[in-house]
Amino acid sequence: MGKPGLRRRPQQRPAVLRRAEQLRPDQWGRPILTSSRVFVALACVAATACGGLSGCAVGDPAEDDAIPLSAEAYRSREDDAAGGRIHVRIANTGDAPVAVTSVALDSPGFEAAPATRREVELGPGNRIDVETEYGPVRCDTSPESAYALIGVADRDGSPVRVPLAAPYDVLARIHDGDCAAEDLARAVPVTLIPAAAPPEPTAPLPAQLIVSRGTASGDVRVDEIGGSVLYALHGTLPATMRAGEDRLSVDITIDAARCDPHALAEAKKPFVFPLWIAVGSSAPEYSRIPVSEENRRFLTNYLTATCDARR
């Protein structure tokens, strides 16, 4: 099997995005969206009219009744930790208020997800950041061209389809990362099994990493694991599952790394545990130890009890 890795994506941006997005560098050389206005409206005035128009489709950008909105995607630290969501920054680039009611992502690289309800009136020049979900990744399709489907009051429920700017290729990075994670998970499934309790209240929690053979062939080596701000993970590594083996059990410990109130309150990625795995002769690849919702609740309770016992 070849090394599971990041998928290459088409480099040519679609014409509609090249026209809608105008980028200039800031003083540090980073691109900034400078489009003064993105006009979007319905292409078809009514469903009956669509039947007589070639290429007319519901949801296409309109030719009139323009709504002056711009949209930009970004991923916060909280989004990265949670997974399955981004933030969409909506700006009113016009001269009159616009009443926004909802936001959803429309990208060919991801399955559709429910719209986020957010009712707010945006005055001229105002903007708002809305947390927006995205569905499972479609690894055989590029995430471009992407749009924000923005609900606007007094439009009979039809969302406005606004070209979605993605500085620093944020959607492509999410797409590539999710696809690479799927490849590695199929090649080498990993399961975290914590012990029922630590040997004593202040002791680290024993756990096992169960590494199984999926589509990977040859040796599979677990090179390194890492913890987070709140949890310290340690194990005897590297550990190798040989070509003729189908299962590897790695003994690890999970300990409270910090118990101070500031860390407990401000930690953004408590359950992001890095993992590096090498398949065959390939270099180690970054992944994350899967932490189920059940294990998250269990580890939260362990941290609370251990920190209380150490005070």
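Since this is a predicted model, take the numbers as computed values, not measurements.
Going from atom CG of Leu299 over to atom CD of Glu294 covers 10.5 Å, rounded to the nearest 0.5 Å. Separating the OG1 atom in Thr191 from the CG atom in Leu209 is a distance of 9.0 Å, to the nearest 0.5 Å. One distance of note links CD1 of Ile86 with CG of Asp80; it measures 12.5 Å at 0.5 Å rounding. Distance CD1/Ile90 to OG1/Thr132: 7.0 Å, rounded to 0.5 Å. Here the CG atom belonging to Leu184 is positioned 5.0 Å from the CD1 atom belonging to Ile277, to the nearest 0.5 angstrom. Note that OG1 of Thr215 and CG of Asp183 are 8.0 Å apart. Values are rounded to the nearest 0.5 Å.
The pair Asp79-Arg173 does not meet the salt-bridge criterion, since no charged nitrogen lies less than 4.0 angstrom from a carboxylate oxygen.
Considering all non-hydrogen atoms of both residues, Pro206 and Ala197 come closest at CD-O, 4.2 Å. What you find for Arg258 and Cys307 is that their closest heavy atoms are O-SG, 4.0 Å. The two residues Val279 and Ser217 come nearest to each other via the heavy atoms CG1-O, 4.0 Å. Here the shortest heavy-atom pairing between Ile210 and Ser249 reads CD1-OG, 3.6 Å. Of all heavy-atom pairs between Val137 and Cys179, the closest is CG2-SG, 3.6 Å. Annotation for Pro194 and Leu205: closest pair CB-CD2, 3.9 Å, computed over non-hydrogen atoms.
Residues satisfying the ring-ring contact (aromatic ring centres under 6.0 Å, His included) criterion with Phe110, sequence neighbours excluded, are Tyr134, His175. For Arg247, the side-chain hydrogen bond (donor to acceptor under 3.5 Å, both in side chains) criterion is met by no residue, not counting sequence neighbours. The salt bridge (charged side-chain N to carboxylate O under 4.0 Å, His left out) test applied to Glu224 returns no partner, not counting sequence neighbours.
In the hydrophobic clustering (ILVMFWY side chains linked at under 4.5 Å, chained through shared members), Tyr74 stands by itself.
The list of salt bridge (charged side-chain N to carboxylate O under 4.0 Å, His left out) pairs with a residue in residues 233-245, not counting sequence neighbours, reads Asp219-Arg242. Sorted by first and then second residue, the ring-ring contact (aromatic ring centres under 6.0 Å, His included) pairs involving residues 187-230 (not counting sequence neighbours) form an empty list. Sequence neighbours left out, not one pair with a member in residues 180-205 passes ring-ring contact (aromatic ring centres under 6.0 Å, His included). Pairs engaging residues 279-310 under the ring-ring contact (aromatic ring centres under 6.0 Å, His included) rule: Trp276-Tyr286 [sequence neighbours left out]. Each side-chain hydrogen bond (donor to acceptor under 3.5 Å, both in side chains) pair with one or both residues in residues 225-240, not counting sequence neighbours, would appear here, but there are none. Legend: salt bridge (charged side-chain N to carboxylate O under 4.0 Å, His left out) pairs involving residues 203-217, not counting sequence neighbours, sorted by first then second residue: Arg213-Asp246. Evaluation of the ring-ring contact (aromatic ring centres under 6.0 Å, His included) test over residues 180-230, restricted to residues two or more places apart or in two chains, returns none.
When side chains are defined from C-beta on, Leu164 counts as touching Leu171, because their heavy atoms get closer than 4.5 Å. Side-chain contact between Val229 and Pro270 is absent, with no heavy-atom pair separated by less than 4.5 Å. Counting heavy atoms from C-beta on, the side chains of Asp176 and Asp169 never come closer than 4.5 Å. Using a 4.5 Å cut-off on side-chain heavy atoms (C-beta onward), Val222 and Val188 make no contact.
Two different hydrophobic clusters hold Val272 and Val170 under the rule that ILVMFWY side chains link at heavy-atom gaps under 4.5 Å. Linking Ile, Leu, Val, Met, Phe, Trp and Tyr residues whenever their side-chain heavy atoms come within less than 4.5 Å places Val98 and Val103 in a single cluster. When the side chains of ILVMFWY residues are joined at heavy-atom separations under 4.5 Å, either directly or via intervening members, Leu233 and Leu248 end up in a single hydrophobic cluster.
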Pair Gln208, Asp251 - check side chain to side chain contact (heavy atoms under 4.5 Å, CB included), show working.
CA-CA 5 Å; Gln208 286 185 317; Asp251 291 329; 3.6 Å; yes
Give the C-alpha distance, both sets of side-chain angles, the deciding distance and a yes or no for side chain to side chain contact (heavy atoms under 4.5 Å, CB included) between Val88 and Leu105. CA-CA 9 Å; Val88 175; Leu105 174 66; 5.8 Å; no
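Put simply, the side chain of Asp178 never gets that close to the backbone of Glu182: no donor and acceptor are under 3.5 Å apart. Listed for the Thr93 side chain is no donor-acceptor partner under 3.5 Å among the backbone atoms of Ser70. Side-chain atoms of Thr304 come within 3.5 Å of backbone atoms of Thr300 as a donor-acceptor pair (strictly under, hydrogens ignored). Using modelled atom types, one side-chain atom of Asn295 and one backbone atom of Leu192 make a donor-acceptor pair closer than 3.5 Å.
Here the options are Asp255, Ile252, Ile254, Thr306, the test is side chain to side chain contact (heavy atoms under 4.5 Å, CB included), and the partner is Pro204; only Asp255 passes.
By the 6.0 Å contact criterion, CZ on Arg77 is open, its count of non-hydrogen atoms from other residues, nucleotides or ligands being 12 or less.
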Exercise answer: donor-acceptor pairs, residues 112-127 side-chain atoms, under 3.5 Å, sequence neighbours excluded:
{"unit_1": "Thr116", "atom_1": "OG1", "unit_2": "Glu131", "atom_2": "O", "d": "2.9"}
{"unit_1": "Arg117", "atom_1": "NH2", "unit_2": "Glu119", "atom_2": "OE2", "d": "2.7"}

